Each structure stands twice: as structure tokens, then as C-alpha cells.
2 protein chains.
Amino acid sequence: MNIPVNPGDRYDVYCAACPTRMVLDRIADKWAMLILGRLARQPVRFNQLRREIDGVSQKVLSQTLKRLERDGLIARAVFATVPVTVEYSITPLGETLNDAVAALRTWAETHIETVLEAQRRYDKA
Amino acid sequence: MNIPVNPGDRYDVYCAACPTRMVLDRIADKWAMLILGRLARQPVRFNQLRREIDGVSQKVLSQTLKRLERDGLIARAVFATVPVTVEYSITPLGETLNDAVAALRTWAETHIETVLEAQRRYDKA
DNA sequence: AAACATGGTTTCAAAAAGAAACCAGAAAAA
DNA sequence: TTTTTCTGGTTTCTTTTTGAAACCATGTTT
């Protein structure tokens, strides 16, 4: 371990310098996962997204959308309406990621009881 | 949306007050994912883990391990050797989560080229 | 004697996140 | 007509989190 990634080495998230680590850091994010899951259903506008992703601030939503767009996971379309309409949609690449992320979201929803139980036991001891 | 979770409501990560949101926030973490993946192979001691999870600080490793233990995802065993040995291992519940997380880690490793390409295109424009 | 091993905690600076105000411009409500 | 609402953000400021480094006790190795 601790081996920097040079051309020819294979990718390894356990190496800090590996570009896959950067990507993991970016997708291992609560807001990114929720946004991706919402856009997987259908394209949504900025403020609509803000209302549906309960608890996200405008700043963080804006930042996260920018990063997801830069990574090619979502697309941003501007329509010259009044007022201006900005629609975000998922890309084919984003859809492949969403399949993996969906498993995490459903894990949270199906195993929540067991986790809460474990927390109660830990806190009692 | 924005409806607080009351008894009888079904769980929904898109609601900020839902306990599943707390769990998602906890598992949607770079370090937690890397730790879980390493422990899925075999039990590992603290300092060994610190060396293998390249880039993690002792403080964050310690904090993350505590949270994972509290959530029932990993187990902590202390042996009265000299110096003391502390071994961390994955639990059956942790293994079910690791299956989902593994998909994310491999996504990062398989789609990294496409993501880097998208970033270059975005930065050029 | 000095360095290194164990598994952490503590301290402090830097980075990130969150809350709130602000922006322009038009439409709708009062 | 003045106020409020809508669009999609950015800016500022505070609070939280993170990361780097030092420190801790105990014991072995060099």
C-alpha cells in the first residue's frame, strides 16, 4: 500500500493518490445520492429539487449539481422562458451509478430497524 | 414532502427527519466504505487498518470505527497482550451493507476513465 | 539511551457546511 | 400601486467537521 498510481498500475481506491479515490469521495455523499436518485425518475428544475431534497441548502445544492455535471453524471439545460427555466436530468453514465446507489438507499430503508436496535444496545452499555 | 416521520408513516430518505436519512448520512462516507471493505476480507487491528486505508488520520479512523460499531456494522475485540491488541471485524449486518458498498467501489474503478474524460471536457468549456 | 510498537485522545488550524441575506426581472396578488 | 412570489443562483457569516501533529502509558528492540 501507499504506492502512488503510475501509468501501468491498476486503479485502487485504497491508495490516496488514485483518481478512483477522488471519485469515491465525490459519490460517497448524501446529497449527491439523493439528487441522483431524484433525477433518475425524471428531469427536475432547481427550486423543485430544493423542495424535494428536504434539508439541503441552496449553496450545497448548487455546488453538488455543478460537480455532478462536471463528472458527466447529470446534464443541465437552460430554457429562455420568463423567468428562466433550468432543468437537470440524469445522463446514461449517471444511470449506471444510480443503480449502485439505489442499493445503498434501499439498504438504509430496509435495515434501519436493526441499526436503531444496535444503537440502543451500544448506548445502554 | 417535508412531512415529519410519525409512527405509521413509511420510511423515506428524502425526508430530513426520517431516521433512514441519518443512516444514509453515516454510510455515505468515504472512510466508512473503505473500512467496511477492508474488514469484509478479514479482521484487522487498528494500526494495520491505519496503514492500509491510505490517507486516513488516527482521529477520523477512531471516530468512524466507533460509529460503525455503534451501528452494529463492525465488532471490536480487545486482547490482553503486550502491547494490547484491538481487533476489528465485520458483523453479519455489516456484510449485507458491504455488498451494496462494493458496487460503489467497483463503479469508481470501472468508470473512472469516463469520469475523467467528462471533467476534461467540462473544464475546457 | 533512543527509537519503535501498541491504541488511542487532545489540541489547534484549515476546510467545509449550513443559515440567511441579497441579486435582477417579471408576474400575480393585495 | 405597492407588496409578495417566482425563477436560479451568489455572497457573507457562523458553526461544524476535518486533518495534522503532539501527547499519553507501557513495554520491547536496537
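Numbers restart at 1 for each chain; the letters A, B, ... are given by sequence-line order, proteins then strands. The structure presented is a predicted model; accordingly, all values stated were derived computationally and were not measured.
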* **Distance test, side-chain N/O of A:Arg51 to OP1/OP2 of D:dT7, below 4.0 Å** => yes
* Structure fact -> When rounded to whole Å, the CD to P distance for the pair B:Gln58 and C:dT10 reads 14 Å
* Taking for each residue the nucleotide of DNA chain C with the nearest heavy atom, is it B:Ser62 or A:Val56 whose nucleotide lies nearer the 5' end? -> B:Ser62
* Asked: Side chains of A:Thr110 and A:Thr106: is there a donor and an acceptor less than 3.5 Å apart?
  -> no
* Measure the CG-CD1 distance between B:Asp29 and B:Ile35 for me, rounded to the nearest 0.5 Å. => 8.0 Å
* Return no unless some side-chain N or O of A:Arg50 is found under 4.0 Å from OP1 or OP2 of C:dG18. => no
* To do: Could you check how far CG of B:Asp25 sits from C1' of C:dA16, rounded to whole Å?
  => 14 Å
* Nearest-Å distance, CZ (A:Phe79) to P (D:dG9)? -> 13 Å
* B:Thr85 side chain near C:dG7 phosphate (N/O to OP1/OP2, under 4.0 Å) -> no
* Asked: Hey, does B:Tyr88 reach any base, or is it just sugar-phosphate, or nothing, if we go heavy atoms under 4.0 Å?
  -> sugar-phosphate
* To do: Would you kindly give the NZ-to-C1' distance between B:Lys66 and C:dG7, to the nearest whole Å?
  => 11 Å
* When you get a sec, tell me which of D:dG19, D:dG9, C:dG7 is the closest nucleotide to the side chain of B:Val60? => D:dG19
* Taking for each residue the nucleotide of DNA chain C with the nearest heavy atom, is it A:Asp29 or B:Arg45 whose nucleotide lies nearer the 5' end? -> B:Arg45
* Nucleotide nearest B:Asn47 when distance is taken to its side chain, options D:dG8, C:dG25, C:dG7 -> C:dG7
* To do: Tell me whether the OP1 or OP2 atom of C:dC12 has a side-chain N or O from B:Lys59 closer than 4.0 Å.
  => no
* **Identified side-chain hydrogen bond (donor to acceptor under 3.5 Å, both in side chains) counterpart of B:Gln48 within the set B:Arg50, B:Arg45, B:Glu52** => B:Glu52
* Could you tell me whether the phosphate oxygens of D:dT17, OP1 or OP2, come under 4.0 Å of any side-chain nitrogen or oxygen in B:Lys30? => no
* Structure fact -> Which of C:dT6, C:dG8, D:dG8 is nearest the side chain of B:Phe46? It is C:dG8
* Asked: Think A:Thr81 has a side-chain N or O under 4.0 angstrom from the OP1 or OP2 of D:dT7?
  -> no
* To do: Check the distance between D:dG8's C1' and A:Ile74's CD1 and give it to me in whole angstrom.
  => 14 Å
* Under 4.0 Å between a side-chain N/O of B:Arg67 and OP1 or OP2 of D:dT17, yes or no? -> no
* Send over the distance from B:Asp54 CG to D:dA20 P, rounded to a whole Å. => 11 Å
* Salt bridge A:Glu109-A:Arg105, side-chain N to carboxylate O under 4.0 Å -> no
* Using a cut-off of strictly less than 4.0 Å, decide whether B:Trp31 has a side-chain nitrogen or oxygen near OP1 or OP2 of D:dG19. => yes
* Value rounded to 0.5 Å, distance of CG in B:Asn98 from CZ in B:Arg38 -> 11.5 Å
* To the nearest angstrom, how far is B:Leu61 atom CG from D:dT18 atom P? -> 13 Å
* **B:Arg21 CZ to C:dG18 P, straight-line distance once rounded to whole Å** => 10 Å
* Asked: Of the nucleotides D:dC6, D:dG27, D:dT18, which one has an atom closest to the side chain of B:Gln63?
  -> D:dT18
* For the pair B:Asp54 and A:Arg21, find out whether any cationic side-chain nitrogen is under 4.0 Å from an anionic carboxylate oxygen. => no
